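Single-structure report; data block below.
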Amino acid sequence: MSSLAKNYNRRNLSFLKGKGSFLYASNGKKYLDFVQGIAVNSLGHANPYLVKAINKQSKKLWHVSNSFRIPEGERLAKRLTQKTFAESVIFQNSGAEATEAAIKVAKRYFYSIGKSRKNRILCIKNSFHGRTIATINASGSKKMMEGFGPKIKGFDHFEFGNHKKLKKMITKKTAAVMVEPIMGEGGIKVIPDWCLRELRKICNKTKTLLILDEVQCGIGRSGKFFAFEHAKVKPDIVPIAKGIGGGFPIGAVLMTKKVASGMTPGTHGSTFGGNPLAMSVGNAVLDQIFKKEFLKNVKKLSRYFHSELNKIKEEFPKIIKEVRGIGFLIGLQLFNNQSKFIQKLMDNNLLTIRAAENVIRILPPLNVKKKEIDLALKIIKKVCLTYK
Ligand SMILES: *Cc1c(COP(=O)(O)O)cnc(C)c1O
């Protein structure tokens with residue numbers, strides 16, 4: 001019996017090692033891993049460049065307190081700001097910490113300009129921003145909040161696509177609207193570009209901050225560094241995590257200089273966040289993703305993947321309802337519950353993971369090879385052919 005708590009519904013499968021897009025299981029089988037730790041291993045398993053970077057730093061310095069300067073973190077922050085809307089960064093260790101810090105930044109900004117009553121956060125009902133007490137309240141999901149009451153104050157919600165309610169819910173008291181440009185856990189639901197642009201306009205008019213949660217869809221996953229770049233909008237605050245560490249736990253909140261002005265000494269902190277070991281890995285991940293051809297390649301290969309998946313959808317219109325997503329954040333929506341299909345893919349050595357709305361999430365590493373995509377397509381088609 002495992003001494004681990006039962007808060008996960010784990011599959012009876014474990015792995016000995018990974019290499020690129022593949023995982024080698026203790027049962028002797030080799031799996032094509034299109035989960036990659038849920039969009040975390042952006043450069044695949046045991047990437048030689050990352051292995052070298054972490055080994056090198058591990059021999060020099062792992063951890064020092066944030067009460068000292070950390071040059072590796074200053075470098076990573078500088079690189080993140082040079083390439084994006086952001087002018088300032090706070091490092092964390094995970095996605096939930098990053099979204100939670102984003103909420104703090106928004107509230108603190110209005111406090112710092114003497115508008116402390118502008119402190120409410122507006123989110124999409126049943127969205128996902130993490131599992132801390134604040135972030136489950138942000139999600140507004142009854143299921144995630146069950147048993148974790150009382151409900152905490154300061155969060156409002158509107159349903160995905162309900163623009164009337166969204167406009168109504170932004171009041172004088174709203175500090176920020178927080179949404180994911182592409183809802184990951186929510187079923188790979190893409191917020192259309194025109195909606196994001198409209199939302200930016202509404203936020204400008206009402207002096208509300210726009211937080212775009214890029215924890216899952218960011219760091220190249222969509223074919224652009226940030227998913228919101230597709231819509232050409234400029235957010236105020238952006239939490240990131242998953243992909244930036246390539247498998248090492250890193251989170252961060254990126255923001256404009258204006259909103260960062262509220263985060264004076266003592267307002268926020270993290271013991272581990274931004275330590276030299278993590279920052280060296282983050283820099284190594286960016287070395288790869290910032291390469292000239294890297295995102296072009298993600299765009300090209302993901303376009304191919306989407307179009308081939310759509311062909312399979314056409315061929316099996318009674319099984320697959322929709323191919324969703326952008327880049328390598330892909331959702332196959334089935335008409336029925338997706339568990340059996342995911343199991344069959346696994347029986348055929350392809351690992352995928354569920355999302356809401358009967359969606360199978362397909363998350364290859366960003367440096368996946370075409371022949372690995374072809375292998376996945378072959379397996380998906382095979383499962384469709386025998387699926388009842
Ligand atoms: C995964 C995720 C989080 C939470 O990240 P953790 O590292 O699990 O805390 C927050 N927001 C989004 C959009 C996510 O996908």
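Since the structure is predicted, the reported quantities are computational estimates derived from the model, not experimental observations. Both counts, for ligands and for their atoms, begin at 1 and track the order of listing.
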Got a sec, which residues hit ring pair (Phe, Tyr, Trp, His ring centres under 6.0 Å) with Y24, two or more places apart in sequence or on another chain? none

Could you list all the salt bridge (Lys or Arg N to Asp or Glu O under 4.0 Å) pairs where at least one residue sits in residues 95-121, not counting sequence neighbours? R120-D156

Here's one to test your reading of the geometry: is the NZ or CZ of K125 within 45 degrees of the ring axis of F160 and under 6.0 Å from its centre? no

Should the pair K344 and Y387 be classed as cation-pi, given the thresholds of under 6.0 Å to the six-membered ring centre and 45° from the axis? no

Non-hydrogen atoms closer than 4.0 Å to ligand 1: which protein residues do they belong to? List them by chain and number, please. S94, G95, A96, F128, H129, G130, E180, D213, V215, Q216, K242

Which donor-acceptor pairs under 3.5 Å do the side chains of residues 247-260 make with protein atoms, sequence neighbours left out?
from : atom 1 : to   : atom 2 : distance (Å)
T256 : OG1    : V259 : N      : 3.4

Distance flag, aromatic centroids of W194 and H230, threshold under 6.0 Å: no

